[in-house]
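Convention: sequence-line order gives letters A, B, ...; per-chain numbering from 1. The shown structure was predicted, so the numbers you read here are calculated from the model rather than taken from an experiment.
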Amino acid sequence: MHWADVMAERLSRRGDKHVIASGITPSGVFHIGHLREILTADMITRACHARGLDAEFIFIVDSADPLRKVYDFLDPEYERYIGHQLGTIPAPDENGKPGDGSITYAAHFLNPFMEALKQIGVEPRIIDNLDSYRQGEFADSARIACENVAEVREIIESKSGRELPEGWYPYNPLDSQGCLDGVTVTGYEWPHVHWTDSHGESGSADLRKGEGKLPWRLDWPARWHSLGVTFEPFGKDHGASGGSYSTGRPLVQLFGSEPPEPLVYEWILLRGVGAMSASGGITVGPLVALELVPPEILRFLIARNKPNKHIEFDTGSALVELTEEYRNLLSNIQEMEAEVDSDSSKRASTALITKKASLLYSQVKEGEEVNYESRKISFRHLAMLAQIRSEDEDVWASLERGGLIESAAEAGGELEDRLRRMRIWLASEHFPEPFRLRVQSEITDGAGEFLVAEEHLEYLKMLEPLIRGCEWKSKTINDAVCDTARREEIGLEVREAFKLLYWVFLDQNFGPRLAPLFHELGAELVLVQLEKAIDHLTI
RNA sequence: GGGCCUGUAGCUUAGUCAGGUAGAGCAUCCGGCUUUUAACCGGACGGCCGCGGGUUCGAACCCCGUCAGGCCCGCCA
């Protein structure tokens, strides 16, 4: 069974109504790792729906979290906002300096991510944590915490094995400047927490009005309590024994609710770099990846990997492999289905069911049939066409000739979208070099090693005038290349001729159809390079 | 110190929760196709399932131990 279905099954034993939560702090640029959090929750929500459960997916934005430090991408001016809540401070401008405040720090980083989520088919109910505080959603939990300080302290200290500092209090009031740091709680009397701050000011925070917040280890269970969360996936940082999930369990019970079902997921690692970090600036944004491949590929990245496996990712070869695997699965799944039936092993049928589910959960629209349209056209093929054909029409024509599509009309929609993204990928730094056609303007060492035989020179000498004189069409170019090789006085195998030309033009002994490539390169460029090859052999 | 996750073919891995002959993709090699879509089709090669014990008629799977890698217990998904 697919991991999302396994989880949904477990949830169905718990009840029929579920609130599936997911939360992220918008402290910096969102990255692919955050996508795992969201998509894990999204897919399990869908799996719940598939088995008739009433499940709602909510995405909690931690806008109430304070700025911890001045990250590398921020100007030192942000020093004065440390300890201030992300939903109350200004977004950085393009230089990392605090902006004019027309958009908050939290919204600045959240908005592009929301756009990516929309494209990727995830539309959760958004809950702004700062708003929740201001609307008093946490008042109940905060009151219980403040009335049971010793017990809360005991739970956290015993579970985490960590000693809390002397003045620790289960509620952090905002100080006179709106900062959460350096505030000392001096007393509590519902609904107020009294405090003094580092500026010598003192005051009272109303628990019902968001004049402060719960520290993380209480904030989390308080959300579970107020929203009735029954399931939440979280990164392994929270999952360790003594981590915030294990202290959250008894705390949410203290608030009067049952803890949600957990699911710990592993990190996505940037190949050759390590873990991604929003605050450390090592990221691949979901929007960047979305520019390069269709959204179902990114969903597939999450769907095909079990949550407890780490994922190695990059925007080059890893994306290519993923794209190819998706396509291969599309073209094989129906065949596999036909083969796997009653007489198959349990193993084979389990594998099939899991793979089908991976495809299903990769579809952008929930419940939509798997789209098989693009299965015949591989990444390699499309990448090659996109490189030698600058006009989309020519790409469609080529696909049509190859029998990969019925007609150019079929190219609309998804294929057109794929090609568009492929062109962006090609133009970017992310495109993997081995797939890039490297059209040569000199005779490379590799080509030089190949170009040794007398026939090679004869062939090129005879080809050159034909190329020069022929009508610049793929057909005539191709005829010139092949007919020349076949002439008796040359006696070169056609295959050998192609190899020769691939070496001269691409520095490798194979390549895409040569004639369209020449056509695309233009007569002038082709002739210059041919002459260089002739010169090389003549010396 | 405490805990979590991972370890299966050269690489990526499925199968572990419900024990029943170890599967796939990529790569490699061979063959087919040959006015060649680095395509496509067919085949081969390749695994003491980290290691040691135990339970069982039977273990990649369950139990105990052990080694290795990654990570957490400081609010980085």
- request: Looking at every strand, decide which applies to A:I156 at a 4.0 Å heavy-atom threshold: base, sugar-phosphate, or nothing.
  value: nothing
- prompt: Phosphate oxygens OP1/OP2 of B:rG3: is one of them under 4.0 Å from a side-chain N or O of A:K159?
  reply: no
- request: Applying side chain to side chain contact (heavy atoms under 4.5 Å, CB included), name anything that partners A:Q440, two or more places apart in sequence or on another chain.
  value: A:R438, A:T444, A:D507, A:Q529
message: Just the rounded figure in Å: distance from C1' of B:rC5 to NE2 of A:H310.
response: 11 Å
query: Out of B:rC75, B:rA24, B:rA14, which nucleotide sits closest to the side chain of A:R217?
result: B:rC75
query: Counting any heavy atom closer than 4.0 Å, what does A:N478 reach on the DNA or RNA strands: base, sugar-phosphate only, or nothing?
result: base
- prompt: Between A:F113 and A:F59, how do the two ring planes meet: parallel, tilted or perpendicular, split at 30° and 60°?
  reply: perpendicular
- request: Using whole Å, report how far OH of A:Y502 lies from P of B:rU36.
  value: 9 Å
- request: Pick base, sugar-phosphate or nothing for A:D62, based on heavy-atom distances below 4.0 Å to the nucleic acid.
  value: nothing
message: Between C1' on B:rC33 and CZ on A:F498, what's the gap in Å once rounded to a whole number?
response: 15 Å
query: Angle class for the A:Y361/A:H2 ring planes (parallel below 30°, perpendicular above 60°, tilted otherwise)?
result: tilted
Pick out the pairs of N or O atoms, protein on one side and nucleotides 39-41 of chain B on the other, that lie under 3.5 Å.
none

field: Under-4.0 Å side-chain N/O to phosphate OP1/OP2 contact, A:K306 with B:rC5
entry: no
- request: Verify the contact: side-chain N or O of A:N308 to OP1 or OP2 of B:rC4, cut-off strictly under 4.0 Å; return yes or no.
  value: no
field: Base-pair map of RNA chain B as dot-bracket, where | denotes pairing with a different strand and pairs are Watson-Crick or G-U under 3.5 Å
entry: (((((((..((((......[..)))).(((((.......))))).....(((((..]....))))))))))))....
task: Please work out whether the ring planes of A:H225 and A:F255 are parallel, tilted or perpendicular, with thresholds of 30° and 60°.
output: tilted
